[in-house]
Amino acid sequence: MATGTEPTTTDPHPPGGGVRATARAAIAAPHLRTDRWWLAPATTAAGLLAFVVYSTWRAFANADYYAAPYVSPFYSPCLAENCEPMKAGPNWEIFGSWWGISPAIIILIFPLGFRLTCYYYRKAYYRGFWASPPACAVAEPHKKYTGETRFPLILQNIHRYFFYAAIPVAGILTYDTVLAFRDEHYDWGHMGLGTLVFLVNIVLIWAYTISCHSCRHIVGGKLKHFSKHPVRYRMWQWVGKLNARHMLLAWTSLVSVALADFYVYLVASGVFDDPRFF
């Protein structure tokens, strides 16, 4: 008696590997979703691509990155002799006159490496650019899956070390924010629109950095009994609450750092003068 559950006589698995392999579920359709599943990965790819294009242009521009008292976060700290002089600013001429290209290239590797290896950003650009996978419940087009076990993706494992490097960079950007309470003559006790832009940016930078999964593990990992470590347990809970918003903080801090740089660019290039509150 037929029950309707007998296997069909034809092979439901099309030829190929990946999700089409014989060991995987026999679903011939590329997906069974009826919503616009492609919209999220497409938007993610567009947003990340826009930031890559903008940051690349600004990093190689080597101009309009300082308008007293503001310095672009892309160029701080400035580690080459060809940096613009910034009074009491982050001028550390570690690299001598032999460094001829933009000084932003020296420092940007650390915050960009931190974001590139971030757990959320991995998911974002894996889905947005490589379609691995393109979305939940959508067949992956790749025949093979090796994860992050081969070069170059095995380098994702150094994310924790980029986190260590991101901490002092965030500290230097905090110093730049404090310096933003000066005027163009370096006198203290002033606040402009740029100061507000820098304040918002540094809050989001720290929130994103601290909400990192590596930070959460460093704070509360390897503890067998939270009751014996009440301070670390409290910190772990606090970081965990931020970690739940890691995706939101990743995007808002990405936008804020680009806007901070763009604001300095507009002021430095003479598009408008920095409005002063006091």
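Everything quoted here is computed from the prediction, not taken from an experiment.
Linking ILVMFWY side-chain heavy atoms closer than 4.5 Å, directly or via other members, places Trp130 and Val138 in two distinct hydrophobic clusters. Residues Leu108 and Tyr161 share a hydrophobic cluster, clusters being chains of Ile/Leu/Val/Met/Phe/Trp/Tyr side chains in contact below 4.5 Å. The cluster map of Ile, Leu, Val, Met, Phe, Trp and Tyr, joined by side-chain heavy atoms under 4.5 Å apart, puts Tyr164 and Ile158 in the same cluster.
Not a single donor-acceptor pair under 3.5 Å links the side chain of Arg127 to the backbone N or O of Ala40. A distance-only check finds no donor-acceptor pair linking the side chain of Arg245 to the backbone of Ala250 [under 3.5 Å]. Between the side chain of Arg115 and the backbone N or O of Pro111 there is no donor-acceptor pair closer than 3.5 Å. A donor-acceptor pair under 3.5 Å is absent between the side-chain atoms of Ser76 and the main chain of Ser72, judged by distance alone.
Ring geometry for Phe226 versus Tyr233: interplanar angle of 30 to 60°, hence tilted.
Closest heavy-atom contact between Leu153 and Gly147: CD1-O, 3.7 Å. Of all the heavy atoms in Phe74 and Ala258, the pair that sits closest is CZ-CA, 4.4 Å. The two residues Tyr186 and Ala68 come nearest to each other via the heavy atoms OH-CB, 3.8 Å. Of all non-hydrogen atoms in Asn157 and Glu148, the two that sit nearest each other are ND2-O, 4.2 Å. Looking at every heavy atom in both residues, Gly128 comes nearest to Ala45 through O-CB, 3.6 Å. Of all heavy-atom pairs spanning Asp64 and Arg58, the tightest one is O-NH2, 2.9 Å.
Contact of the Asp261 side chain with the Tyr54 side chain is registered, since non-hydrogen atoms from C-beta on lie closer than 4.5 Å. Between Phe163 and Thr209, the closest side-chain pair of non-hydrogen atoms falls below 4.5 Å. Looking only at side-chain heavy atoms (C-beta outward), Cys78 and Tyr65 come within less than 4.5 Å of each other. With a 4.5 Å cut-off on side-chain heavy atoms, Asp176 and Pro90 count as touching. In this structure, Ile94 and Ile106 have side chains that are not in contact, with every pair of non-hydrogen atoms separated by 4.5 Å or more. Side-chain contact between Leu49 and Tyr125: absent, with no pair of heavy atoms (C-beta onward) separated by less than 4.5 Å.
Other members of a hydrophobic cluster containing Val52 are absent, since no ILVMFWY side chain comes under 4.5 Å of it, directly or through relayed contacts. When hydrophobic residues (I, L, V, M, F, W, Y) are linked wherever their side-chain heavy atoms come within less than 4.5 Å, the members clustered with Leu259 are Val255.
Every residue two or more places apart in sequence or in another chain was checked for a ring pair (Phe, Tyr, Trp, His ring centres under 6.0 Å) with Phe51, and none qualifies. Partners of Asp187 by salt bridge (Lys or Arg N to Asp or Glu O under 4.0 Å), not counting sequence neighbours: none found. Partners of Thr44 under the side chain to side chain donor-acceptor pair (under 3.5 Å) rule, at least two apart in sequence or in another chain, do not exist in this structure. Applying the side chain to side chain donor-acceptor pair (under 3.5 Å) rule to Tyr175 yields no partners; only residues at least two apart in sequence or on another chain are considered. With sequence neighbours excluded, the residues satisfying ring pair (Phe, Tyr, Trp, His ring centres under 6.0 Å) with Trp37 are His31. With sequence neighbours excluded, the residues satisfying ring pair (Phe, Tyr, Trp, His ring centres under 6.0 Å) with Phe272 are Tyr263. Checked against disulfide bond (SG atoms under 2.5 Å apart), Cys212 has no partners two or more places apart in sequence or in another chain.
Asp274 contributes atom CG, which lies 11.0 Å from atom CG of Leu266 (distance to the nearest 0.5 angstrom). Taken from OH in Tyr66 to SG in Cys83, the straight-line distance is 12.0 Å, to the nearest 0.5 Å. If you take CD on Gln237 and CG on Asn243, they are separated by 13.5 Å, rounding to the nearest 0.5 Å. Note: Leu254 CG to Leu249 CG = 12.0 Å, rounded to the nearest 0.5 Å. Taking CD1 of Ile205 as the start and CD1 of Ile210 as the end, the distance is 11.5 Å to the nearest 0.5 Å.
Heavy atoms from other residues, nucleotides or ligands lying under 6.0 Å from CZ of Arg234 number 12 at most. Within a 6.0 Å radius of CZ in Phe129, more than 12 heavy atoms belonging to other residues, nucleotides or ligands are found. The number of heavy atoms from other shown groups lying within 6.0 Å of CZ (Phe181) is above 12.
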Using atom types as modelled, flag every donor-acceptor pair under 3.5 Å from a side chain in residues 217-225 to any protein atom, sequence neighbours excluded.
residue, atom, partner, partner atom, Å
His217, NE2, Arg160, NH2, 3.4

Donor-acceptor pairs under 3.5 angstrom involving side-chain atoms of residues 188-202: please list them, not counting sequence neighbours.
residue, atom, partner, partner atom, Å
His190, NE2, Asp183, OD2, 3.4
Thr195, OG1, Tyr70, OH, 3.4
Thr195, OG1, Ala180, O, 2.7
Thr195, OG1, Gly192, N, 3.1
Asn201, OD1, Ser256, OG, 2.8
Asn201, OD1, Val257, N, 3.1

Arg122 vs Tyr119, side-chain contact (heavy atoms from CB on, under 4.5 Å): CA-CA, chis, key distance, verdict: CA-CA 5 Å; Arg122 293 188 215 178; Tyr119 293 133; 3.2 Å; yes
Could you go step by step and tell me if His159 and His213 meet the side-chain contact (heavy atoms from CB on, under 4.5 Å) rule? CA-CA 10 Å; His159 174 61; His213 295 74; 5.8 Å; no
Step-by-step side-chain contact (heavy atoms from CB on, under 4.5 Å) determination, Met235 to Cys215: CA-CA 10 Å; Met235 294 175 62; Cys215 179; over 6 Å; no
Let's go through Phe95 and Glu81 carefully: what are the C-alpha distance in whole Å and the side-chain angles of both, what is the deciding distance for side-chain contact (heavy atoms from CB on, under 4.5 Å) to 0.1 Å, and is it a yes or a no? CA-CA 7 Å; Phe95 288 72; Glu81 284 189 7; over 6 Å; no
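Counting only N and O atoms by type, the side chains of Thr117 and Gln156 include no donor and acceptor under 3.5 Å apart.
Checked against the 6.0 Å centroid criterion, the rings of His246 and Tyr120 do not qualify as a close aromatic pair. Side-chain rings of Phe114 and Tyr208 approach one another, their centers coming within less than 6.0 Å.
A side chain to side chain donor-acceptor pair (under 3.5 Å) check over residues 91-108, counting only residues at least two apart or in different chains, returns the pairs Tyr75-Ser102.
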